[in-house]
Protein chains: 2
Amino acid sequence: MSEKNVLSDFKPDGHNHEACIDTALATASTVCRERGLRLTPLRQRVLELVWQQHMPVGAYDLLDALRSDGRRADPPTVYRALEFLLENGFVHRIESLNAYVGCGEPKHAHSAQFLICGNCNRVAELEDPAISQIISEKADGLGFRISQQTIEVTGLCGECREHAPA
Amino acid sequence: MSEKNVLSDFKPDGHNHEACIDTALATASTVCRERGLRLTPLRQRVLELVWQQHMPVGAYDLLDALRSDGRRADPPTVYRALEFLLENGFVHRIESLNAYVGCGEPKHAHSAQFLICGNCNRVAELEDPAISQIISEKADGLGFRISQQTIEVTGLCGECREHAPA
DNA sequence: TCGCTGATGTTATACTATAACAACAAGGTG
DNA sequence: CACCTTGTTGTTATAGTATAACATCAGCGA
Ligand SMILES: [Zn+2]
Ligand SMILES: [Zn+2]
Ligand SMILES: [Zn+2]
Ligand SMILES: [Zn+2]
């Protein structure tokens, strides 16, 4: 099965995660330059912190991390950075967890679907037109005009299925 | 188009909403009797309050309403009632709003999809197997075992589209 | 240099949810 | 009836998430 619709699959332990972070930061830098956005040191650092792992991270965890940097930080500091990163597609918010995760494809706006492992907390991001379209069709049938889709699926990733069979 | 998959469509102003509330309470009563659950006065009242309108209501709004009843109430009062109602399928939680809405079909467990009007705040509840299934298929293709789907679509309902064209 | 704009600093507060233990009510058992 | 068990509710305190409002600062162009 083609994985063209998977923006970010579940990443195995031991993959080259430094490369994930570097790519995310480089892409953000490029996109900001192209769009005339200011990727300030604070915003870049928050983005880097969000990308520390392939799992959603809470705003107050980010706050603690900023403070560990030695930086003075309070809630608006992190929420404003997140607002910028969300608006410009560098991170997504996971509504069901009140948490934030790096976007695997920030170069174009998209409607994503998330698979969230309840055991290891890792997240996969899909951008599957078939899912979006069938929802759009059903909404159209009711006269509803969609502006945003929130699709978050909880369960067990393949790796956790094997190690924690039910 | 058949509406078999619509558990609760957008309700027009002026419909017989007393009947909606009465039906919801009667159904809850029946289901609780069948299952040996205790629909206490508090739980019944919270369910009735959730059903006051066809839109999601926040826990603290319910709390205020309980206090307006003259009842002494604190957060655990309403959260415990909501926990009971959620566990037994009488209400759903809308993650993207931190709010709760009455379920249109509590007699059997189901995975619902919600359409939420950003203008009038009314909600429609779907139970569309085609949506659930395509998500399940995609998840299967990645080795993911689903335990729960959160599908919340924001936009404009038909009525609001007409009155607030964009 | 001045003044504008956007970003960040800072303080305070609002909103959402749960932990922990006490009191109470209903139903079964002796 | 006295007693116990279980589940529900009362009560106090606190945890967790997010934003309002105003001050300050840095960069940039007039
Ligand atoms: Zn990685
Ligand atoms: Zn996992
Ligand atoms: Zn109604
Ligand atoms: Zn509407």
Side-chain angles (χ1 to χ4, degrees), chain A residues 28-29 32-33 35-50 55-88 90-101 116 121 150 152, chain B residues 28-29 32-33 35-50 55-88 90-101 116 121 150 152:
Chain A
S29 178
C32 284
R33 205 174 323 108
R35 298 184 194 164
L37 301 171
R38 293 178 55 188
L39 187 62
T40 62
L42 173 64
R43 290 165 173 176
Q44 175 164 336
R45 179 60 177 148
V46 171
L47 180 58
E48 186 181 15
L49 289 168
V50 168
M55 57 186 75
V57 56
Y60 279 73
D61 293 330
L62 295 170
L63 187 55
D64 290 342
L66 288 176
R67 287 171 169 161
S68 295
D69 286 349
R71 181 194 294 265
R72 154 111 212 213
D74 289 292
T77 302
V78 64
Y79 279 105
R80 284 191 288 225
L82 286 171
E83 180 181 37
F84 171 85
L85 296 170
L86 285 165
E87 278 176 355
N88 295 291
F90 301 120
V91 305
H92 293 289
R93 175 175 161 84
I94 306 297
E95 298 289 348
S96 56
L97 298 174
N98 294 330
Y100 306 84
V101 68
I116 305 160
N121 298 122
T150 298
E152 301 171 5
Chain B
S29 178
C32 284
R33 205 175 322 110
R35 298 183 193 164
L37 301 171
R38 293 178 54 189
L39 187 63
T40 62
L42 173 64
R43 290 164 173 176
Q44 175 164 336
R45 179 61 179 147
V46 171
L47 179 59
E48 185 181 17
L49 289 169
V50 168
M55 56 184 78
V57 57
Y60 280 72
D61 292 330
L62 296 169
L63 186 54
D64 290 342
L66 287 177
R67 286 171 170 162
S68 293
D69 286 350
R71 181 193 294 265
R72 155 109 212 215
D74 289 291
T77 302
V78 65
Y79 280 105
R80 283 190 290 224
L82 285 171
E83 179 181 37
F84 171 85
L85 296 171
L86 285 166
E87 277 175 357
N88 295 292
F90 301 121
V91 305
H92 293 289
R93 175 175 161 84
I94 306 297
E95 298 290 349
S96 56
L97 297 174
N98 295 329
Y100 306 84
V101 66
I116 306 159
N121 298 122
T150 297
E152 301 171 4

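Chain naming here is simple, since letters A, B, ... match the order of the sequence lines and numbering starts at 1 in each. In this text, all values refer to a predicted model and were calculated from it rather than measured experimentally. The figures that follow rest on heavy atoms only: side chains count, while hydrogens, waters and symmetry mates do not.
Within residues 65-87 of chain B, the residues having any heavy atom under 4.0 Å from DNA chain D are, by residue number, B:Arg72, B:Asp74, B:Pro76, B:Thr77, B:Arg80.
Interface limits on DNA chain C: the 5'-most and 3'-most nucleotides within less than 4.0 Å of chain B heavy atoms are C:dT16 to C:dA20.
For B:Arg72, the salt bridge (charged side-chain N to carboxylate O under 4.0 Å, His left out) partners are B:Asp74, not counting sequence neighbours. Checked against side chain to side chain donor-acceptor pair (under 3.5 Å), B:Thr40 has no partners two or more places apart in sequence or in another chain. For A:Arg45, the side chain to side chain donor-acceptor pair (under 3.5 Å) test picks out A:Glu48, A:Asp69, with sequence neighbours left out. For the side chain to side chain donor-acceptor pair (under 3.5 Å) test, no residue two or more places apart in sequence or in another chain qualifies with A:Thr77.
Annotation: of the two residues near DNA chain D, B:Arg43 and A:Tyr100, the 5′-most nearest-nucleotide partner is B:Arg43.
For D:dT9, the OP1/OP2 oxygens have no side-chain nitrogen or oxygen of B:Arg38 closer than 4.0 Å.
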Item to complete: Apply the test side chain to side chain contact (heavy atoms under 4.5 Å, CB included) to residues B:Ser96 and B:Thr150: give CA-CA distance (whole Å), side-chain angles for both, the deciding distance (0.1 Å), then the verdict.
Response: CA-CA 10 Å; B:Ser96 56; B:Thr150 297; over 6 Å; no

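Not a single donor-acceptor pair under 3.5 Å links the side chain of B:Arg93 to the backbone N or O of B:Leu86. B:Arg43 places no side-chain N or O within donor-acceptor distance of the main-chain N or O of B:Leu85, the cut-off being under 3.5 Å. One N or O on the side chain of A:Glu152 and one on the backbone of A:Glu95 form a donor-acceptor pair closer than 3.5 Å. Although no hydrogens or angles enter the test, the distance criterion places no donor-acceptor pair under 3.5 Å between the side chain of B:Asp61 and the main chain of B:Val57.
The distance between atom CG of B:Leu63 and atom C1' of D:dT11, rounded to the nearest whole Å, is 13 Å. Note: CG (A:Leu62) to P (D:dA18) measures 11 Å, nearest angstrom. In this structure, B:Asn98 places its CG atom 14 Å from C1' of D:dT19, rounding to the nearest Å. Per the geometry, CG belonging to B:Leu39 stands 15 Å off C1' belonging to D:dT9, to the nearest Å. The distance between atom OH of A:Tyr60 and atom C1' of D:dG16, rounded to the nearest whole Å, is 8 Å. When the C1' atom of D:dG16 is taken as reference, atom CG of A:Asp64 falls 12 Å away, rounded to whole Å.
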